[in-house]
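Each chain gets a letter, A, B and so on, in the order the sequences are listed, and its residues count up from 1. Only a predicted model underlies this, so the values are computations on that prediction, with no experimental measurement involved.
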Amino acid sequence: MNRYNFKLVEKKWQQKWQNSNIFSSEIDRDREKFYCLEMFPYPSGRIHMGHVRNYTIGDVLSRYKSLVGFNVLHPMGWDAFGMPAENAARENNLDPKDWTNKNISTMKEQLKKLGLSIDWDREISTCSEEYYKHQQLFFLELYEKGLVYRKENYVNWDPVDQTVLANEQVIDGKGWRSGAIVERKKLNQWFLKISQFSEELLSDLDKLEAWPNKVKVMQKNWIGKSFGCEITFQTEGDLPVKEIKCFTTRPDTLFGFSFLAVSVDHEISKYFSENHEFQKFKKECSKTGTTEEAIAIGEKIGFKTNLMAINPLDHTQKVPVFFANFVLMDYGFGAVFGCPAHDQRDFDFAKKYKLDIKTVVKPLEENDEFQVRDEAYTGPGIVINSEFLNNLKVPEESILRSIDILEEKKIGKKKINFRLKDWGVSRQRYWGCPIPMAYDENGKVIPIPKMNLPVKLPENINLNTKGNPLDFIDDWKNIEINGKKYVRETDTLDTFVCSSWYYLRFCSPHDKDYGFKKKDIDYWMPVDQYIGGVEHAILHLLYSRFFMKALGYKNENFKFSEPFKGLFTQGMVCHETYKDENNNWLSPEDVEYDGSKFRKKGDLESKVKVGPSESMSKSKKNVIDPENIIKNYGADAVRLFILSDSPPEKDVQWSEQGMIASYKFLQKLWILHNKIKDKIFNSNDNEKENNNLEKFTNQIINKITNNLENFNYNVIIANIYEVYNFLNKEIESKISGKVLRENYLKILTLFSPAIPHYTSECFEDLGYINPISWPKANTDLLIEDEIDYVVQINGKKRAILKENRNIDEESLLLKLKSNKMTERYLKNRTIKKTIFVKNRLINILVNE
RNA sequence: GGGCGAGUGGCGGAAUUGGUAGACGCGUUGGUCUUAGGAACCAAUAGUGCAAGCUGUGAAGGUUCGAGUCCUUUCUCGCCUACCA
């Protein structure tokens, strides 16, 4: 017998799979389809462990579904536009296209070494003309439908990357990629009208039963629907301002009105452009606006104007109008009415500026003299001190009733407000999909005629420019359409646009006329299982959902509203972090453990500080390169390990020891395989039938099938170990070769989604080709003749008794009275009650 | 501040509808074989006790014949989010 040589075996099967094209998929109306999609990678250069985990999970699922009989679509592509390519190209004097394509081919080879069941014929790359030309067409279609518009807007400007960031790309006031502090800048930008679908995006979440609740909640919060009322306040003062509109969810507290606050960007701020004090205040606000500490401390500051706002319910009440730092321009109307007694922010503000705090809601248990003192009261209760609103129940009655009254008096309107903002898609970068628009000499927008698509990215250009390189390419920028001169739009699309429809492209990857074919998507869509990191819970997933709805808008031929039927978010791969004496990060490859402490490799005197396990990242150097690991241990061993240690939705700790254990396990499994093979071919078929083995096989079929269906992939690996432990013992007993063969083939099939190269080799070694169907448990064999009855006396386990499965309560009780384990608990005692759960347990309650 | 989730051996983690807590792996300990072993194999491994037993799923209560699982209160940790009116 040979050692199991994974190098030869894995290479052999990967080639066979490739040559026989067994993973390529075609429409087959006689079979139910299953579309399994993992989030496609950004071609950064090399795959990382996160990819290994993500794609292994998807591969196990795809292989399983295919064995169960589904027609599986399992494609892969590249999210290939984006800034890293441009940055790398600039630094190394390369073309972003070359850099990207080189990375793609490296990573493709790496992925192939994992033995993934991917239909590579459908490979797509978002930076190819073949892909983005369709995207440009979609953009024009959305433009025609009124879902694309251009407006001047304050944008988040990343001074390092010299580009605009979406709100979602600003984290703690810093650019998500560069980490630079984001500035505010006014620019003309292209927007997609995602807000038009706010309600639908929210309500359709309920349809997504196979999505993690966590993700749905995050999207719900992001969309941020709130129900309330817009109120128009009349103003008095020395400015030409007659009224200010506010949005509120608490119109019932209007009698507690004591100030009105507007954002520093509110339109009335234009009257303060010459006011130095105000400009100083505005600067102050922008400084503290977004930093974490500022929000944590939450200091409220304001700038008092000479304007007074009139309470629309009580014209005698006039309150000051402030600019305030806690009012956001891009929510509601950028103005709020302040009711200090029942809003903590307003309360803090009122305390600071010594404004009235008038209590208008009392908790149920308090009397009418109740006064808000140390903090705002925001709970339920009864309206007081509010004339005709008095005695209404807060919040059930009071809010609706007060809206009605405001509507009657024509001072307010019922309003639903969303937090979700339109999606700014303009990026001032070269390496992206060009926006197919142009401007005439007056700046008027004209879409590029569809027949002139694609708008190709120019090649071999100078990237060493400040801002967008495309701005400097005159012969690309200046065009003629129908004899008229135009200047192209030089912004490119946010790369999230590319990933918002790629799942459709996989259905018709080679179609030249359109992004997808109707007959293809009608068969394959929606994605049955989408798998990826939870970090895309909001951005990518929300944009993709929007894109489906936008394509279907005013289009009866497009019947889908949700792209991803099932979603699974896998956890991250973590590793301990190491630092040397000088607090420099060390790579795990440079660290060794001598049994008691960690040190630098080959340096006995050195000390290494071990830090907490954190998600693998280059900056902390705690990365393990998958390619090396695959080279050393083989793909199946890596797959086995990455699945084994934690539930796939949770973070997993990378462990070298665990990795080695998985590798050794396959070696042991191979030794066992050879024993089994020997027995299959050499033992007499007349040996007594082995009931144990058949029973076990049927049990394990059930277990593994259930665990696969429920994503308990870590438990599947435990099940595989269980099988090994069982067979390794059972093989020593006499077994009929026929029975052994039948059961072993089933077992190998159960293993095959997780360790496909190994099982393929085993099948071949026994003279079989790979299985084509998943085994079914024989339920008859799952019924045990003998049951381990748990015997409890007064609820305490006292014995386990092997008994016939059909034994009744009385016979069992009789046996227990004479059984030496249990008789002493029953002797001389009265049995008050017995609880008998058939085939499981008996609980006898006795007097002590 | 708000939302979501999780607390089980030395560690990662198992545990249909409430019904044998600790599957499986790592680590550790002892042994076998070895010149040696950081290899392989065998055995043990929740705590405590010589044992029968007792105690054990963050803590405290509750429901139940029976609770890791259900309910109430509470503590700790993680993740997300953030002045959203």
Side-chain angles (χ1 to χ4, degrees), chain A residues 171-172 212-218 220-222 224-226 228-229 246-250 253 261 263 288-290 292 294-300 324-328 330-339 343-346 348-349 417-420 534-535 537-538 571-572 593-595 613 640-641 644-647 649-653 655-662 664-665 667-668 671 702-703 706-707 710 712 714-725 788-800 824 832-837 839-845:
Chain A
I171 296 154
D172 294 337
N213 200 44
K214 176 174 65 167
V215 175
K216 289 195 272 189
V217 169
M218 283 164 79
K220 192 177 162 209
N221 291 340
W222 191 261
K225 179 179 181 175
S226 49
C229 177
C246 295
F247 172 74
T248 179
T249 55
R250 291 302 302 276
T253 61
S263 159
T288 55
T290 46
E292 265 178 289
I295 292 166
I297 300 163
E299 205 203 343
K300 312 282 181 283
N325 66 336
F326 63 93
V327 182
L328 306 172
D330 58 2
Y331 186 79
F333 298 100
V336 299
F337 91 78
C339 173
D343 181 291
Q344 191 57 43
R345 285 161 311 179
D346 296 349
D348 296 343
F349 191 80
N417 205 37
F418 290 94
R419 209 185 78 126
L420 183 65
V534 73
E535 65 272 20
I538 298 168
M572 291 182 296
Y593 183 63
D594 68 358
S613 181
L640 201 57
F641 172 70
S644 71
D645 256 25
S646 292
E649 70 276 12
K650 290 193 15 185
D651 288 354
V652 65
Q653 257 272 39
S655 128
E656 185 83 11
Q657 269 157 339
M659 184 58 248
I660 292 169
S662 296
K664 286 180 184 169
F665 175 70
Q667 296 292 343
K668 295 198 314 195
I671 294 168
N702 260 5
K703 277 194 193 174
N706 279 336
N707 287 327
N710 295 306
N712 299 328
N714 56 325
V715 189
I716 287 170
I717 306 307
N719 294 147
I720 292 177
Y721 277 93
E722 260 181 79
V723 173
Y724 170 84
N725 292 340
D788 285 334
Y789 266 95
V790 176
V791 181
Q792 296 180 341
I793 315 282
N794 287 342
K796 282 206 165 154
K797 186 184 85 179
R798 292 300 180 186
I800 292 167
R824 61 203 169 103
K832 288 190 294 189
K833 190 179 177 186
T834 58
I835 291 101
F836 181 72
V837 184
N839 295 337
R840 195 155 260 162
L841 65 74
I842 183 163
N843 188 4
I844 305 162
L845 305 182

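- Phosphate proximity of B:G13 to A:Lys650: present, with a side-chain N or O under 4.0 Å from OP1 or OP2.
- With its glycosidic angle within 90° of 0, B:G9 is assigned syn.
- Using N1 to N3 plus N6-O4 or O6-N4 for Watson-Crick, or N1-O2 and O6-N3 for G-U wobble, each under 3.5 Å, B:C79 pairs with B:G3.
- Looking at heavy-atom distances under 4.0 Å, A:Leu328 makes contact with a base.
- Between A:Lys664 and the phosphate of B:C41, there is no side-chain N or O to OP1/OP2 separation shorter than 4.0 Å.
- Closest approach of A:Val327 and A:Ser263 over heavy atoms only: O-CB, 3.4 Å.
- Residue A:Ser644 is out of contact with every strand shown, counting any heavy-atom pair closer than 4.0 Å.
- Separation of atoms CG (A:Asn714) and CG (A:Asn719) is listed at 9.5 Å; rounding is to 0.5 Å.
- Side-chain atoms of A:Arg840 and base atoms of B:U17 include a donor and an acceptor less than 3.5 Å apart.
- Atom C1' of nucleotide B:G78 and atom CD of A:Gln653 are separated by 15 Å, given to the nearest angstrom.
- Here A:Val217 lies in heavy-atom contact (under 4.0 Å) with sugar-phosphate atoms only.
- Residue A:Lys668 is in sugar-phosphate contact alone, with no base atom involved, counting any heavy-atom pair closer than 4.0 Å across all strands shown.
- Across all non-hydrogen atoms, the minimal contact from A:Asn839 to A:Tyr789 is N-OH, 2.8 Å.
- In a base pair of the Watson-Crick type (N1 to N3 plus N6-O4 or O6-N4) or a G-U wobble (N1-O2 and O6-N3), with each distance short of 3.5 Å, B:G18 is matched with no nucleotide.
- Toward the 5′ end of RNA chain B lies the nearest nucleotide of A:Asn843, the other residue of the pair A:Asp346 and A:Asn843 mapping further downstream.
- Distance check: A:Phe337 CZ to A:Thr248 OG1 gives 4.5 Å after rounding to the nearest 0.5 Å.
- Rounded to whole Å, the P atom of B:G9 lies 10 Å from the corresponding atom of B:A59.
- For B:G53, the paired nucleotide is B:U48, the pair qualifying as Watson-Crick or G-U wobble because both relevant distances are below 3.5 Å.
- Distance A:Phe665 CZ to B:C41 C1': 16 Å, rounded to the nearest Å.
- Within the nucleic acid shown, A:Val652 has no heavy atom closer than 4.0 Å to any nucleic acid atom.
- A:Arg419 has no side-chain polar atom (N or O) that falls below the 4.0 Å cut-off from OP1 or OP2 of B:G2.
- Atom pair A:Asn712:CG and B:A15:P shows a separation of 6 Å (rounding to whole Å applied).
- For the atom pair CG of A:Leu845 and CD1 of A:Ile835, the computed distance is 4.5 Å after rounding to the nearest 0.5 Å.
- Of the nucleotides present, B:C24 is the one that pairs with B:G12 by Watson-Crick or G-U wobble criteria, both distances under 3.5 Å.
- Residue side chain A:Lys300 reaches the base of B:C83 through a donor-acceptor N/O pair under 3.5 Å, judged by distance alone.
- For the pair A:Asn725 and B:G25, the criterion of a side-chain N or O lying under 4.0 Å from OP1 or OP2 is met.
- A gap of 12 Å separates the C1' atoms of B:U69 and B:U16, to the nearest Å.
- Under the Watson-Crick or G-U wobble criterion, with both distances below 3.5 Å, B:A40 is paired with B:U32.
- Mapping A:Ile800 and A:Asn417 onto RNA chain B by nearest heavy atom places A:Ile800 at the nucleotide closer to the 5' end.
- Checked by distance alone, A:Gln344 brings no side-chain donor or acceptor within 3.5 Å of a matching partner on the base of B:G1.
- Spacing of C1' atoms, B:A21 relative to B:G7, comes out at 16 Å, to the nearest Å.
- The line from OH of A:Tyr331 to OG of A:Ser226 is 3.0 Å long, rounded to the nearest 0.5 Å.
- A straight line from CZ of A:Arg250 to P of B:C83 spans 20 Å, rounded to a whole angstrom.
- Here B:G68 sits opposite no nucleotide as a Watson-Crick or G-U wobble pair (both hydrogen-bonding atom distances under 3.5 Å).
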